[in-house]
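Note sheet for the following structure.
Just so you know, these numbers use all the heavy atoms, side chains as well, and skip hydrogens, waters and symmetry mates. Proteins come first, then strands; the chains are lettered A, B, ... in the order of their sequence lines, and each starts at number 1.
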Amino acid sequence: MKKIQIIIPLLAILIVLDGCKKEDKINFEFDESQEFVPSELDKWIEATFLNPYNIEVIYRYNRYKGNVERNIAPVQENKVKDQMLVVLDGFLKPYQDVAGTTFIKNLAPKEWVLFGSTSYNNDGSQILGTAAGARNITLYEVNALDVTVGSQVRRRLRTIHHEFTHTLQQTKSMPLDFEGISEGDYFNDWTNNTLNPQALSDSLGFVSRYGRSQFFEDFAETAAHLLVEGQLWYDRHAIKSNAKAYARLKKKESSVVTYFRDSHNIDFRRLQREFQQVMFEKYNDKTFQSFGNWFFTERLFDNTTYYNTANKSADVQSLVDAFGQVVYNASTTNRYQMEDIRFMFNPSNNTLVVRVPFRGTAGSNTTTVYLADYNFGYTYDAATQKIAFTKTAQGEGATYNNANLFLTGFMQHISSYLTGSPFILDWSLEDAQRTRLDEGFNNTGGFYKEGNRNSFLDFSLSKKTL
Amino acid sequence: MKNIINCLLISVLFLTGCSRSEIDMVFDKTPEERMGDQQRELKNQLITAEYGWKAYNETLLRGNYGYYMEFDDKDRVKMLTDINATASTDLRESSYRVRLINGATLAFETYNYINLLNDPNPSVMNGQRGEGLKSDIEFDFQRATADSIFLKGRKYATQMLLVRASQAEQNSYLNGEYPSSIEEIKSIISLYSNPAIALGNLVYSFNINSASKVIESGTLQSDGKIIMNTGKFHFTLDGLELGGGIVLGDITIFGVKRNGTDKLIAYDRNGSTYDIINNPTPIIPLINLFAYNGTFKTLGTPTESNVLPQINVDSDFKTVWQNTIERFVTSGRNVRYFDFVLTNSTTATFNLFYNAGASNFTATVTFNYTLQDGILTLTNPSGHTAGNWNTRRAQIQLLEDFLFNMGPMKMEWVATSGNVNVAGLHSVANPNKILYGILK
């Protein structure tokens, strides 16, 4: 009896406690930021980014995606496609080709937010791009994008590649050796123009002032510059300052390449080549990548090139052989032999000295190597890559006296070839099928007759070092 | 007894026990259904305007900007605006949405004309770095009437108003009549040098600034006080409208229309009209504008021009100036321009700018001055016995004689029929001596 008397009230209490539990949460979805009527642009984004890569592109203005308190202008619709094609061609596709679809699908940032203007900071600077936790990347100033200007496209892609390198660093830790290369030289206040000017930062072996802030950023900056500005740019940067800086930059490069291979199984060199090809073909970055630019303007290579180690077309070979014969016949006593032909360019005053070293093969002296010099001038046009030679007056002295020995023959065979009509400069002339995708594309370069691609001289190039 | 009580207890509990699936709601719909209604309602209003909308929005750094807008059900908006000539005839399309943020919000989400005003890049509209013209691109719904929608900007709390356009109005906008209307009214505005409205025995200046989209009005009351008011306006197919009105004494002007081909007429909400007349001189006395710490502190010829403005009265200064120019020419030099500057509260400077060949020179004389009740008295000239002023004595003597013998001068506007206002220092002793020029 008593038990029942206790149990029923207890039961009642249980019913009350259990049955009266009101639902404390109302289930509804309040975020409609991605609900809109899809336009043609949206459909293109879906087909090009969402479906293949799981990437969402948010271009409709959303205050909460940037600094909430700032005015940031929305993007112009007609710039969205251009900007995202840059991302596709210059970031997604090269990684996809080299590292595989699964790789890029996993690691590429999933949300890309586009803003039309920059975001203005109080200190006078502006934000161009931000990335958050590798899941999201925000690109600013899209309204100013001009895909016909290679340097603009490169700057934007450098931001993207910098951020993506951080993603890689977060999945597989960066190499230990990198940290030690510039140890002691990192500097927090990297924007300080007095304490960290460009020249100082360069001379300490940093790829950029921002890279000097700390090693984690340095790694990303180094990788991004190597990829986007390219190996030629990097090697030119390395010889800007001093031997110590050169050594450090090359070490950092090596560390980056090894890291990509060992930690991510990515052929970094191939990635570089793919990138250069895209910039050249799709974004018209022709002058920046031209042979003339790196040989004459940037002076990355030794100014003297050699006939013996060059690739040459059949007609050039015949002319040189004929000249060799002239040298041989110049003196029946000495029977001089042409040892080589050296092309000594001087880009500071657009002159060229064609120097012919020669040695007697008969007679009393068969050991001394004599030199014969022939003077030329040239005009060089960076935009068209055209070079035109003119024969200028000979000079005074021993080398010019020697030159007189073979002058007529030289003028007939060599000079007339060089001065007869203009040439076009380019890399890798030996094989017309070679492109930037091929290894060693920048190892040789020279000029071919304008209008006749089959008449050329393609020199072996030697990069300057410190 | 206990059993009955227990049974009752249990029954009561079962009857009053809570139903697990019921949610305690105050309204009869879920929050998202209710909010969704407001959102749907606003969007529906926007897309069902058969002939589009006349609109304006407000900026904090300038006045208002006018638009013609069309919204469709695919989240696309088309607009034209009075921001510049091409924008008033090229219909431009972009994306909009009615969002759900705190309430229903109209958001202009991709770049169109309205976004120019908000662009933080200062070179876009000559606005402030990081702020643009301080106007909005997202607007919260406030209220609606049968043909109007009132909105308020999310960031700067600026006003935006959309009013349904008529078929005739839509035709006008789409046929390029907006820019011609704007040009017409601007050209009539330029015919006025001192636009004003007379109300009772007060005259109110009514200066319409087409660049800043602001109307400034002021009057000198009988008690000597100056009352100034401003109003923001935008251009319309008929002239211009002031969204917030502008107060002139007891009335509030809401718009200005063309009155014939060379006059303007203002009107209030009741439809009463007020002629805009051209006052021969500015309404605001010169002494309120020309001071060392006033709106202007310099009087002279336009920079790098030696041409005096046209006036309707005689002044010896005209002859003196002409003769001075001729004397310089004879000496192989050219007079460029002059400035009379109230440098600080006690010092004034007269600068004569001239050149000799390719080199520019300045001849300067400095004065002390007192300014009392609108009377300016120059004393104690200095610097004229040395430097360029003295070197050019032969050419400059007439000018010096004129300046040194003005005595006390009254600061007053000079009557003109041209369309620049001319400031004058009128010698009290000799009314024919007026040192005059434009204010800079």
Side-chain angles (χ1 to χ4, degrees), chain A residues 1-2 4-5 7-9 11-16 18-33 35-39 41-42 58-64 68-80 114 116-122 124 126 141-144, chain B residues 2-3 5-7 9-10 12-14 16-25 30-33 35-36 39 72-76 93-101 107-112 115-116 118-122 124 127-138 154-156:
Chain A
M1 261 307 166
K2 278 188 183 169
I4 295 176
Q5 284 172 344
I7 285 170
I8 288 174
L11 211 57
I13 290 166
L14 280 171
I15 292 169
V16 170
D18 192 41
C20 269
K21 194 182 350 180
K22 294 192 169 81
E23 275 208 50
D24 50 357
K25 282 188 193 138
I26 298 174
N27 193 20
F28 64 85
E29 197 50 60
F30 220 58
D31 177 18
E32 37 73 271
S33 60
E35 285 165 31
F36 47 79
V37 178
S39 61
L41 178 59
D42 296 306
I58 298 176
Y59 64 89
R60 287 176 172 76
Y61 181 72
N62 186 335
R63 182 173 288 279
Y64 302 101
V68 140
E69 76 286 5
R70 294 193 186 169
N71 276 6
I72 307 172
V75 73
Q76 262 169 256
E77 278 173 2
N78 62 7
K79 296 282 187 184
V80 173
L114 304 180
S117 68
T118 56
S119 181
Y120 287 78
N121 293 324
N122 290 332
Q126 300 166 35
E141 218 188 9
V142 176
N143 287 354
Chain B
K2 281 182 186 165
N3 273 342
I5 288 169
N6 284 334
C7 279
L9 203 60
I10 291 168
V12 164
L13 285 168
F14 273 117
T16 61
C18 309
S19 162
R20 284 167 210 212
S21 59
E22 239 176 58
I23 298 167
D24 188 17
M25 292 199 291
T30 61
E32 78 267 24
E33 279 171 293
M35 292 297 263
Q39 195 184 11
D72 75 11
D73 63 345
K74 299 200 172 26
D75 294 340
R76 308 297 293 166
E93 188 175 320
S94 66
S95 160
Y96 84 96
R97 261 191 300 168
V98 175
R99 298 283 312 277
L100 209 51
I101 304 179
F108 293 93
E109 299 184 307
T110 60
Y111 210 84
N112 205 326
N115 302 91
L116 287 167
N118 172 272
D119 198 318
N121 183 340
V124 168
Q128 237 179 58
R129 181 184 176 279
E131 306 270 5
L133 297 184
K134 291 195 177 173
S135 73
D136 287 288
I137 59 176
E138 291 174 309
R154 285 199 81 209
K155 186 172 157 83
Y156 295 104

- So, the side chain of B:R129 versus the backbone of B:P120: is there a donor-acceptor pair under 3.5 Å, distance only?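 A pair under 3.5 Å: no.
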- Query: Out of A:V37, A:V75, A:N71, A:L41, which one racks up the most heavy-atom pairs below 4.5 Å with chain B?
  - Reply: A:N71
Relative to chain B, which segment of [X] carries a heavy atom at a distance below 4.5 Å: side chain, backbone, both, or neither?
X      : answer
A:S119 : neither
A:N121 : backbone
A:L114 : neither

- Query: For B:Y96, is the NZ or CZ atom of B:R76 found under 6.0 angstrom from the centre of its six-membered ring and inside 45 degrees of the ring axis?
  - Reply: no
- Given side chains that start at C-beta, do those of B:I101 and B:R154 come closer than 4.5 Å, heavy atoms only?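 Touching, per the 4.5 Å side-chain cut-off.
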- Query: Quick one: are B:E109 and B:E138 in side-chain contact, heavy atoms under 4.5 Å?
  - Reply: no
Checking heavy atoms, do the side chain of [X], its backbone, both or neither come under 4.5 Å from chain A?
X      : value
B:K155 : side chain
B:I137 : side chain
B:N121 : both
B:N112 : neither

- Message: Does either side chain, that of B:N118 or that of B:Y156, offer a donor lying less than 3.5 Å from an acceptor on the other one?
- Response: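 No donor-acceptor contact under 3.5 Å links the two side chains.
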- Determine whether the side chains of B:T110 and A:E77 contain a donor N or O and an acceptor N or O closer than 3.5 Å. yes
